[in-house]
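Read the structure below first, then the notes.
Start at 1 and go down the list; that is how both ligands and their atoms are numbered.
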Amino acid sequence: MPELPEVEALVRDLRNRLDGRALARVDVAAFSVLKTFDPPVTALSGLLVEGVSRHGKFLDIDLDGLHLVTHLARGGWLRWRDELPKAPLRPGKSPIALRVALDDGSGFDLTEAGTKKRLAVYVVRDPQEVPGIERLGPDPLDDAFTVDVLGGILQAAGRAQVKGVLRSQSTIAGIGNAYSDEILHVARMSPFKPASTITGDDLQHLYDAVQTTLRDAVARSDGVVASELKKEKKSGLRVHGRAGLPCPVCGDDVAEVSFADSSLQYCPTCQTGGKPLADRRMSRLLK
Ligand SMILES: [Zn+2]
């Protein structure tokens, strides 16, 4: 799943490619991805690209006041093509869900792998009309996101585990399962630490970890073409998706535990005083 750094890199890449271009047409191959019907996608044809931006993990292309907004979800991706194929898209015949063609013959495909189809595309007059954008918390890379803002969010979250607080989009925008694992490893903090107990030095460490982890990932991804972003993301991770492999800081085995709908990875030596985290989901089932 692309998170803030990958979507930010896509935004910067698309900004260069779409600058000065007009949209020729949008072809929809998988109708389930299109979540809006008014204005219709045909309303975008002929409009000039005025900007490309990001809201959390959402990508927003401004076309003369109308917005083509995309959320890539877990299996979605954007594939740039200098020259789009001439043949029309055949619904259901490929992972391509939607194609955006520009006035010079270039464009991009939105693709989705896997069986769970969650890729979402919206055509709206105002990005705030997209429910997932309207609900977003503050962006951690925004200048207004200070250590005090993070402190306030953690206090308001009470006893909730910090892992869940970091990746909740309505609390902080753009951080998902991978970067929340990475941030907590950099901060040397247990993923299960109750949010409201994070104060003082702990709060400063967590804030610094959020900033360095995301900014480093953005810097690494900057200038990387869309097709290489997934590889780039994976190569930069320290603990996420690396259960059983050595922690790059201390050499201990990275551990894994169930969390919500998936699992999280952490280093026991760096983050939990050497103790493995209990799988609370499993122990609840056994009671
Ligand atoms: Zn470690």
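Between atom CG of residue L10 and atom CG of residue L72 there is a gap of 6.5 Å, rounded to the nearest 0.5 Å.
In this structure, D109 and L98 have side chains that are not in contact, with every pair of non-hydrogen atoms separated by 4.5 Å or more.
Under the ring-ring contact (aromatic ring centres under 6.0 Å, His included) criterion, H55 pairs with no residue, sequence neighbours left out. With sequence neighbours excluded, no residue satisfies ring-ring contact (aromatic ring centres under 6.0 Å, His included) with Y266. For A209, the side chain to side chain contact (heavy atoms under 4.5 Å, CB included) criterion is met by I183, V186, A187, not counting sequence neighbours.
Residue-and-atom listing of protein N/O/S atoms under 2.8 Å from the Zn ion (ligand 1), sorted by chain and number: C247 SG, C250 SG, C267 SG, C270 SG.
Donor-acceptor pairing under 3.5 Å is recorded for the side chains of D104 and S106.
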